[in-house]
2 protein chains.
Amino acid sequence: MTETRVRRGRPGHDQATVLRVAIDLFIARGYDAVSMADLAAELGLSKSSLYHHVPSKERLLELALDEALAELTAVVDAAADGAGPAYPRLRRVVEDSVRLLVAHQPAVTLLLRVRGNTAVERAALERRRRIDARLAGLVRAAATEGSLRDDLDPEVVSRLVFGMVNSLVEWYDAAGPVEVGALARTVVATALEGPARGASPG
Amino acid sequence: MTETRVRRGRPGHDQATVLRVAIDLFIARGYDAVSMADLAAELGLSKSSLYHHVPSKERLLELALDEALAELTAVVDAAADGAGPAYPRLRRVVEDSVRLLVAHQPAVTLLLRVRGNTAVERAALERRRRIDARLAGLVRAAATEGSLRDDLDPEVVSRLVFGMVNSLVEWYDAAGPVEVGALARTVVATALEGPARGASPG
DNA sequence: GCATTTCCCGACCGATCGGTCGGGAATCAT
DNA sequence: ATGATTCCCGACCGATCGGTCGGGAAATGC
C-alpha cells in the first residue's frame, strides 16, 4: 500500500510527520493560534526548514481537511445511497461514522471546526454540506418507510443524530477506558433507540 | 431590571452594543481571526475609539463567556440537584438547556469553542467542566433509579445527550422555520426516548 | 574523491496584530 | 458662555505573523 521509497540525500523529517504534528497542534490551540514558528519548534527544527517540507500553512490545513472529507465521503457512499430498507442503513452509517471519527479523530476534529475564512475552508464546508445533505436524505427515507416516529421532523432529527456523533471529537480519547466498539454501540443505541428504558413518546 | 441611566456628554456607542457585535464577529470568523480593527470597522468607528468602550480584546471574550456560564449554571442549579425522581429532572434540564442555548446562542457558541489558550479561557473551561460533571451526576442518578437502559454507560450517555444539545449552536437559526418549542420537544424526544419507532434494545 | 540530492539554518521582509497617546469635537449641567 | 464629561480620531509602538533568501552540512551514487 504505502510504498517505502529509498530516501537519498540527508535524512530528516518528512511531510507526513509534519502534517500529523501540525494537526495535533491545530486541535490543541486552534489553527489561527498556532504559528509556523510554534510548529517548527514542536518538530525540533527552524521555521525556514519547515518550509522545505510544506509550501504554506494553509496547505497543511487543506491536506488535513482532504483526509477527513475523503473518509466521510467513503462512509456515506458505502451506505447512504444503497438499496434495501433505510433504517438498517442509517444504523450502519451512524456506527461507521463513529468508527471513522475515532480512526481519523484529528483530521475530523479540524474539519468540524472550520469557519470558512478562506477559499480552502469554504471549499471544505461546501463538501461537508453535501455529505450532510445525503445523510439527511437517509434519515428522511427512514421516516418515509415508517421506521421513525412521525411526530418528529426528520431534518431536525438528522442534525441532532449526527450532531451527537460529531460531538465525540470534543471528549473521546481512544486511549481511555471506553472501547471503540462499546462506544459505537452506545451511540447507535442512544441516538436512535434512546437511552431511556421503555421509551414512550410524549 | 436594567436601569436606564441618563447619559451625559457626547452620545455614541455603548459597551453592550460593542459586546454584541463582537460576539457575532467572533462566531462568524473565530475569535483569533477577528482583529480589533475589524470590530471597529463593523461598528463604524476607529480602533482607538473602540478602546474607549472596552479595555481589551480578551475582556470582550471574558464578558461573553461569563454570560453563557451564568445562564448554564442557573439552569443546572434549577434542576440538577433538586429532589424527586431524577429522570423527570433530566428531561427538564435537557429542555431548559435547549431554550437557554437558543436564548443566548451567541455567548454559548463562543463558550463551546474555547480551547484554553489563555487564563480567561482556562477559567471558563474549568467552570464548564464542573457544570458537565453535575449533569453527568444527574444522568447517573437516572440510571441508578432504573429509568435508563442498564446496558449503556451513564457517563457516555451524558456526554452524548449534552453533546447533541450543544451541537445545536452549529446550525440552529432562531429566525428559521423551526420554533424553539418544537425544537426543545424534538431534542428531548430524540436524545432520551430515541427517534426510532418501537425502540428496542439490541 | 566528487557531484548530486536532501535537509537544515540565521537573517531578513512587508504586513498585521493588540494596544497607547495626545488632542479635538460634541453634548451635558450650570 | 463655560467647564466637565463623554466620545471620537490619526499617528504611532513593539511584537509577531506567514513567508523568503542564500548558503552551509550531511547523506547518497559514482
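Quantities reported herein were computed from a predicted structural model and do not represent experimental measurements. So you know, we letter chains A, B, ... as the sequences are listed, proteins then strands, and number each from 1.
Protein atom OH of B/Tyr51 is 19 Å distant from nucleotide atom P of D/dC12, rounded to whole Å. Put simply, CG on A/Leu39 is 14 Å from C1' on D/dG19, counting in whole angstrom units. For the pair A/Asp38 CG and D/dA15 C1', the computed distance is 14 Å after rounding to whole Å. Atom pair A/Leu60:CG and D/dG19:C1' shows a separation of 13 Å (rounding to whole Å applied). One interatomic measurement links the two molecules: OH of A/Tyr31 to P of D/dC17, which rounds to 13 Å at whole-angstrom precision. We find that CD of B/Glu58 is positioned 15 Å from C1' of C/dC17, with the value rounded to whole Å. Spacing between atom CG of A/Leu61 and atom P of D/dG18 amounts to 13 Å, rounded to whole angstrom units. When rounded to the nearest whole Å, the span between CG of B/Leu45 and C1' of C/dA26 equals 15 Å.
Nucleic acid contact class of B/Val34 (heavy atoms, under 4.0 Å, all strands): sugar-phosphate only.
Defined by atom type and a distance below 3.5 Å, a donor-acceptor pair is missing between the side-chain atoms of B/Ser56 and B/Glu58.
Within the structure, a side-chain polar atom (N or O) of B/His52 is placed less than 4.0 Å from OP1 or OP2 of D/dC7. Between B/Ser35 and C/dC17 there is a side-chain polar atom (N or O) within less than 4.0 angstrom of OP1 or OP2. The shortest distance between the side-chain N/O atoms of A/Ser49 and the OP1/OP2 oxygens of C/dC8 is not below 4.0 Å.
Comparing B/Leu50 and A/Ser56 against DNA chain D, the residue whose closest nucleotide sits nearer the 5' end is B/Leu50. The 5' end of DNA chain C is approached more closely, in terms of each residue's nearest nucleotide, by A/His53 than by the other of A/His53 and B/Lys47. Of the two residues near DNA chain D, B/Gly44 and A/Met36, the one whose nearest nucleotide lies more 5' is B/Gly44.
Under a 4.0 Å N-O distance rule, the pair B/Arg113/A/Glu170 does not qualify as a salt bridge. A salt bridge does not link B/Glu95 with B/Arg92: none of the charged nitrogens is closer than 4.0 Å to a carboxylate oxygen.
Across C/dT20, D/dG18, D/dG10, the shortest atom-to-atom separation from the side chain of B/Ser46 is found for D/dG10. Across C/dA11, C/dG18, D/dC9, the shortest atom-to-atom separation from the side chain of B/Ser48 is found for D/dC9.
Under the 6.0 Å distance and 45° angle rule, A/Lys57 does not count as a cation-pi partner of A/Tyr51.
Under the 4.5 Å side-chain criterion, counting only non-hydrogen atoms from C-beta, B/Leu111 is in contact with B/Leu72.
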